[in-house]
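Mind looking over this structure? Questions follow.
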Amino acid sequence: MILTDIQIEGFRRFASPVRLDGLGPGLNVLAAPNEAGKSTLLTALKAVLMVRSSSKAKPVKDLQPYGGGAPHVALSFTWKSMECHLEKQFLSKAFTRLILGPERFEGDQAEEALRALLGLEEASKGEAAGLWSALLVGQGESFVQPDLNQTGQNSLRGCLEQGVEQATGGAAASAVLSRVRERLYLLQTAKSAQPTGKYKQALEQEAEAQASLRELENRRAALEEDLAALDQARRSLREQEDPDRKAQDEAELLALRQQRDALRIADAEEQAARAALATVTQTLNSIRDEQERRRERQAAHRRLEREAAEMQHDLQALTQRTAQARRRYEASRTRREQAEQRQQAARQVLLTVSRRAAVLQQQGALEREKQILERAEAACTRLEQARAALAALRVDEAVIRRVRKAVREMDAAQAALNARATRLTVTLLPEASGRVLLDGAACPQGDMVLTQAAELQIEGIGQVRITPAVKDQEEAQAAADAARHQLQSVMQAAGCQTVEEAERLFEERRQAETRVAEARAAFVASLPAARDDRDAALFEALAAMRQDMRDRMASLARELEACAPDGRPEQAGQTDAALQRMQTTARQEEDSAARAADEARQAERAEHVSLSAAQGLQDKAEAALRQKQAEREQIGRELAVRAAQESEDVLAERAAGAVQAQAQAEAHSQTLRAGREAEQPLSVVEARIARREQALDNGRASVVRLREEIRERETRVRVAEGDGLDEKIAETGRAASRLRLECESYERERAALALLDQTLSDAEKTQTARYLAPLVRTMQPAFSAVFPGASLEMDTGFALSGLTRRTAEEFGRLSDGTREQIAVLVRLGFAELLHARQSPAILVLDDALSFSDSQRLESMFDVLADAATRFQILVLTCHAEAFARLGGRALALRPIPQITERR
């Protein structure tokens, strides 16, 4: 994935449209002073990739510039040789547009397509997360390793292509963890751990105060920024035009080019030696294979001659055995045909008698099915009665929801009114009873809520008028009256006098619905022939059962008439007994004939099996003999041809010469390989040369740019004026401090709950240890370039816990510069994983590597330049002098008339 264009408008400090010029493949560097907009650029990139345009969350509102506006970002990139474009506008007239080559997406469809492309998942309302969260490294984030949430860890596991096993605790631990999370989720969201409830409200108020304070300070610092930037530009120009520095850079570049040429010559010599060794080895293996094949073919020719003679003798005995088996089979087939004729005659007699007995069985079955039909009709009647009773009850689910909603709204309005009212607590001595009046009546003791003005009269003392200081009293009272009228209207529409009556009628309706469901279930159970449980199908099945019963009764009547033409019922018992005796006799005769036929068939099958076996053995023996003879002749011809082409003595001489040549080629290859063990890789040297060449080109362009920048800033400094905002800044700072104390109270509670939640769920992370080996293998080359001879130690959160050089070193005990370098290398490893899986991958670093010494910084530059040959890297820095030697494409933020929209 290669970013080719970024345009921003209405985004924090960029109220007017700007474009990031110069983007392209490989290494890209934006060197600009503090508060030039580098961090805002990274924030815009994160928003366009991971935040839905429809989100109204507070972080999205914070993207607006001072004075308001709709944040708008347009991003162009290439992916798999396709020209792609992504555009989003937030808050006002929000939209999302995504173009992936020939495909176009809009709105939510575009958001889902983007998340599928980048491997992101929903982390909180309107915001996605994944491994990309660790690749866009904001200012200050490079000092710590990436803290991957669950979504990011799942993305990393997907890159490593391994399964996940979850480890859970016992039932008691799960219950405790559930209660802890219930309390925790009152202060933060479940998925993204974002603040919510009162904590979120306090944070929003504090953020608003901080935003106002930052805006005031930014306005005051605008002039200071121009002055500092002017001084920085003048100093950078002097350094860029230093002739000693240019001469030193050119000398270093010449030395690197000479080193590269020497490495290329050595590579060519080593490749030629390997090719010669491979050729000699292949020749020797071919000669040895030929000798082994000749020995094997000679032994096979002698073996085949012996086997062919033995098989000829066995074939004669098998031919005689096959003739005897054929004669026995013909005799058994004649006996089987005679037995089957006798069985067929007995079966015909049995079928005639069985037909008469089947009519009597059908009559009994028809009586049982008639009872099933009667039960189904009774169940249908009960279902119709239950539905009629249900239709008479008017209070259904929709009605009771409206009633409950009206009750909740009335309670909320009354609670809001009471919350704003004045509370009066009265405690009287026994002798004061009746001497204190409230609005002309005896004053009650205890707590009272006053929503209107009241007079408190004390005998012998005077009167006290109490006027509640209720803000928006009329609006709150009107809201309470409106909620009460709404409840009355809903109750009248439901035909109920009280809420309790509505709840009772709704409960009766639920019971009636249960009775209908039970009656319908009984009706469905009584209809086994119904294809589904819809009413139309059920009644259709019942009607079909009635019609089927009538048809079968008519058919049975015809069968009875055919079996008993005289139609005298009194003879039915006698006919049944006679049929039973006739059926028993016919069945016995048929069984006897069937046994005789089975015995004859079994005898025939046995003889046929014997014949088939004998014939099969004979055929196999003949085929095997022919095959042996053909193989023997083929091997004889092959041996004669090979001997004619090259004799055994000549072949042995060629083998001895090949062994000697192989030893010489292998010794030469080992000598070349041993001489190059201490040399640097050619790719690293070439990357260093390309970086130095790019740095020289950038230096020349930087001189022109710095001169133009100096002229522009000198003009702004002459016309700029301060605003005198100190008083406003002090007032806003005090308000922000008060809100910060409130937020810290909520934060302490949330941190305690989060710590307990983390402690209980640590056992679930032990299974992730098996993912660490592939991740370490991916990161090891870059770490070896910066920390020679070091091996990595990863923890279960996919973070590096320490290095092993001469001894093991914990990550927390390393210096700030080393920890920052490690954090950058870990993120570089994540990007390498995405690139290896053919997934979109870039790395953006904002003011990283600021604590590195010159030697370590040079090594980091080499690693970044090498990685940039595989995927795109953006470096945002305010240290233009230190990063001038990094090379890469020089980027700049330029004002534009308007964002170029693609339709």
Side-chain angles (χ1 to χ4, degrees), residues 1-3 26-28 42 45-46 49-50 77 79 114-121 123 128-162 164 765 768-787 790-803 811 818-846 848-849 860 863-876:
M1 179 178 182
I2 306 297
L3 301 181
L27 194 59
N28 296 259
L42 179 57
L45 185 59
K46 289 181 178 180
L49 293 177
M50 291 183 285
F77 59 96
W79 167 240
L114 177 62
R115 296 188 179 192
L117 176 67
L118 302 182
L120 302 174
E121 296 180 6
L131 197 53
W132 270 70
S133 302
L135 303 182
L136 305 179
V137 187
Q139 192 174 53
E141 295 176 358
S142 62
F143 293 96
V144 295
Q145 298 187 66
D147 185 14
L148 297 178
N149 58 15
Q150 189 62 41
T151 303
Q153 293 185 18
N154 290 341
S155 299
L156 191 56
R157 294 186 182 103
C159 291
L160 298 173
E161 297 181 351
Q162 296 190 21
V164 178
K765 298 180 180 178
T768 59
R770 63 178 179 275
Y771 299 105
L772 303 180
L775 181 59
V776 169
R777 287 196 298 271
T778 301
M779 295 181 178
Q780 187 65 54
F783 270 83
S784 297
V786 180
F787 307 99
S791 60
L792 315 183
E793 297 177 11
M794 306 295 293
D795 62 21
T796 56
F798 299 104
L800 188 139
S801 57
L803 288 177
F811 179 80
T818 301
R819 289 203 301 270
E820 184 182 29
Q821 295 148 18
I822 289 174
V824 172
L825 291 175
V826 169
R827 291 175 168 88
L828 196 64
F830 292 169
E832 292 279 8
L833 281 178
L834 287 176
H835 174 73
R837 201 184 61 167
Q838 302 298 314
S839 296
I842 64 171
L843 179 64
V844 181
L845 302 174
D846 184 8
L849 305 177
M860 289 296 297
V863 170
L864 291 174
D866 184 42
T869 62
R870 294 180 290 277
F871 52 88
Q872 189 181 40
I873 298 178
L874 275 68
V875 177
L876 314 178

Worksheet item: Nearest 0.5 Å, what's the CZ-CG distance between Arg827 and Leu135?
Response: 8.5 Å
Practice prompt. State, to 0.1 Å, how close Ala831 and Ala841 come at their nearest heavy-atom pair, and which atoms those are.
Written response: O-CB, 3.8 Å
Worksheet item: Taking atom CZ of Phe77 and atom CG of Leu117, what is their separation to the nearest 0.5 Å?
Response: 6.0 Å
Worksheet item: Does the side chain of Val824 reach to within under 4.5 Å of the side chain of Leu849, using non-hydrogen atoms?
Response: yes
Practice prompt. Can you sort out the partners of Gln821 under side-chain hydrogen bond (donor to acceptor under 3.5 Å, both in side chains), two or more places apart, ordered by chain and number?
Written response: Ser852, Arg856
Fill in: Between CD on residue Glu832 and CG on residue Leu843, distance to nearest 0.5 Å
10.0 Å
Worksheet item: Below 4.5 Å, heavy atoms only, C-beta onward: do Gln139 and Leu42 meet side chain to side chain?
Response: no
Worksheet entry | Set of side-chain contact (heavy atoms from CB on, under 4.5 Å) partners for Arg115, sequence neighbours left out | Arg52, Leu120, Glu122, Ala128
Discussion item. Restricting to salt bridge (charged side-chain N to carboxylate O under 4.0 Å, His left out), what partner residues turn up for Glu820, sequence neighbours left out?
Written reply: none
Item to complete: Check whether any side-chain heavy atom of Leu845 sits under 4.5 Å from a side-chain heavy atom of Leu874, and report yes or no.
Response: no
Discussion item. Are Leu828 and Phe871 packed together at the side-chain level, in the sense that at least one heavy-atom pair is separated by less than 4.5 angstrom?
Written reply: yes
Worksheet item: Any donor and acceptor pair, going by atom type alone, linking the side chain of Asn28 with main-chain N or O of Gly26 inside 3.5 Å?
Response: yes
Fill in: Sub-4.5 Å side-chain heavy-atom contact between Leu45 and Leu3
yes
Item to complete: Check whether any side-chain heavy atom of Leu27 lies under 4.5 Å from a side-chain heavy atom of Val875, and answer yes or no.
Response: yes
Response to the item:
Sorted by chain and residue number, the salt bridge (charged side-chain N to carboxylate O under 4.0 Å, His left out) partners of Asp866 (sequence neighbours excluded) come out as Arg870
Worksheet item: Met1 and Pro840: which non-hydrogen atoms are nearest, and at how many Å?
Response: SD-CB, 3.6 Å
Worksheet entry | Trace of the side chain to side chain contact (heavy atoms under 4.5 Å, CB included) decision for Leu118 with Leu49 | CA-CA 9 Å; Leu118 302 182; Leu49 293 177; 3.9 Å; yes
Item to complete: Can you run down the salt bridge (Lys or Arg N to Asp or Glu O under 4.0 Å) pairs that involve residues 130-145, sequence neighbours left out, and say none if there aren't any?
Response: Lys46-Glu141
Worksheet item: What is the minimum heavy-atom distance between Met50 and Leu136, and which atoms define it?
Response: CE-CD1, 3.8 Å
